[in-house]
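Shown next, in structure tokens, is the structure this report addresses.
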Amino acid sequence: MLNIMAYALSAAAAQAPATVPAASPERPSATTDASARGEIVAPAPASSNRTEAPQPSFKPINHDEDYSSFRTVRDTNLWTRLKYIPIAGKTYATLGGELRLRPEIRIGERWGRGPQDDNGNFQQRTRVWGDLHVEGVLRAFVDLEHATSSGLDSVVAPVEEGRLDFNQAFVEASVPAGSAVITARLGRQEVGIGNYTVFDMREGANTRRSLDVLRVMGKVGKWDGGFLTGHALLEKLGTFDDETNHAYDVTAFHAGRNFGEGDRTGRAEALFVTSDRASIAFDSAPAARDQRRTLSAHYVGKAGAWGLDVEGIRQWGSFGELDIDAYYVTGTVSHSWKQGWKPKLALRVDVGSGDRNPNDGKLGTYGPLFPRPLTYNGDLGPQNCVFRKVPDSDSGKSPTVISESPGQAFR
């Protein structure tokens, strides 16, 4: 990524002594609880002859990065000058970018169904973004993305390719409310909540995902939460042709609380989503209107070298004339080592419901909304991760294994 490349150049570009300002309660240090938030923390280059540059804290969603503390150290090197460009007073701008190149070889794509990409392909994704902060109150963020797939002989979907378009373009306002801070953000934006099971920006695929929504967030003490309402994005393959998908409405409420400190920390979160999609097809049912309610309970914590991340999701609502009755459970147990390369060993289990009986008047398949794909190109999703055995209702014969295809994609 250009972020990382620019930082690698910072050691050679250092010109002036600088120190990293201490974190304040309003602005925690860049490395605080980094692993719990899924950040990539790169150590600052150091030598006996040069002053250490500020330590960056790269986050999965780039607009979550905060470089306001670089005000006093912006002249340290090239990288700090790009991340803090003073304009007037406390008004400043930030520039960033990414270049990702990836060769692929796909064997047995989509389990042999449809055209196959037998000779390999090459994917590239280029992003450039700018972030303007006005006196700590107003903000504007723009993110352009250009992604292509060359030599792909199978289906080229928007998850594989999207030429130059606005991946993000929003305005934001933050105001204090007693001891809390309320932030309202309007426009096209990436959304990531919890461990990204329900709302994910789709980093693994060639194109990232964003939504056209109004999002309001608040934080006070160890509590935070908010809501969002708006629409999904109708992604297309051309240039500047992505548009708001008015046939896919979504409203969500979420709340979370942090616990503990030091080597023993935890976070509990709750998320409720109501979604209305005009038409979607399942392998076990023809296309119909999907009105779905999704409730998630999530806990992540660590105790010393051990980590735990568990989430349970329940879904109900209606699909055409069918009632929705679905669930999803995911859990990860991990152990980390601080020596050497700091390896991490983890065991993860995912269980997503499939349709138990196509004749019972219910749809039992878990319907992911904006999920993190289980594979790079989105062929394998979190739905229908288990098979069900049910009696044959017509003949009374022994149980038969029935299942929807796990390749059903929700885009």
Side-chain angles (χ1 to χ4, degrees), residues 110-111 113 193-200 211 229 231-232 245-254 269-299 310-331 348-375 378-411:
R110 296 178 178 87
W111 291 268
R113 297 186 307 176
I193 298 177
N195 64 353
Y196 306 149
T197 305
V198 179
F199 286 99
D200 176 72
L211 307 176
T229 183
H231 308 276
N245 187 354
H246 293 283
Y248 193 171
D249 304 334
V250 59
T251 298
F253 302 86
H254 64 96
E269 298 173 308
L271 170 66
F272 174 73
V273 186
T274 173
S275 58
D276 187 346
R277 194 166 184 176
S279 178
I280 184 174
F282 289 83
D283 284 1
S284 63
R289 182 180 182 181
D290 186 280
Q291 295 175 290
R292 192 174 295 258
R293 309 292 179 263
T294 302
L295 179 63
S296 163
H298 173 231
Y299 179 82
V310 293
E311 183 172 13
I313 299 175
R314 181 78 169 84
Q315 289 187 331
W316 68 95
S318 64
F319 176 80
E321 298 182 354
L322 303 177
D323 294 329
I324 296 174
D325 183 12
Y327 66 89
Y328 185 74
V329 177
T330 178
R348 175 175 170 177
V349 176
D350 291 83
V351 178
S353 63
D355 201 35
R356 189 183 190 90
N357 187 340
N359 302 313
D360 63 359
K362 295 182 179 181
L363 180 70
T365 300
Y366 171 70
L369 303 180
F370 308 100
R372 174 185 297 173
L374 299 186
T375 57
D379 286 345
L380 181 63
Q383 69 276 20
N384 202 48
C385 292
V386 294
F387 294 93
R388 298 283 190 169
K389 288 188 175 182
V390 299
D392 190 322
S393 58
D394 297 328
S395 63
K397 296 179 181 179
S398 58
T400 304
V401 176
I402 64 172
S403 169
E404 294 183 81
S405 166
Q408 174 68 47
F410 294 79
R411 297 178 181 138

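Position 1 is the first residue of the sequence, and the numbers go up from there. Note that this is a predicted model, so its numbers are computed, not measured.
Side chains of Phe370 and Val273 form no contact here, defined as non-hydrogen atoms less than 4.5 Å apart. Contact check for Ile280 versus Phe319: side-chain heavy atoms found under the 4.5 Å cut-off. Pro371 is not listed as a side-chain neighbour of Asp200, based on a closest heavy-atom distance of 4.5 Å or more. Between Leu363 and Arg292, the closest side-chain pair of non-hydrogen atoms falls below 4.5 Å.
Distance OG1/Thr330 to CD/Glu311: 7.0 Å, rounded to 0.5 Å. A distance of 11.0 Å separates CG in Asp355 from NZ in Lys362, rounded to the nearest 0.5 Å. Note that the CZ atom of Arg314 and the CD1 atom of Ile324 stand 10.5 Å from one another [nearest 0.5 Å]. The OG1 atom of Thr197 sits 9.5 Å away from atom CG of Leu271, with the distance rounded to the nearest 0.5 Å. The CZ atom of Arg277 sits 11.5 Å away from atom CG of Asp249, with the distance rounded to the nearest 0.5 Å. Atom OG1 of Thr294 sits about 6.5 Å away from atom OH of Tyr366, to the nearest 0.5 Å.
Here the shortest heavy-atom pairing between Val198 and Leu369 reads CG1-CD1, 3.9 Å. Smallest separation of non-hydrogen atoms from Gly364 and Ser353: O-OG, 2.7 Å.
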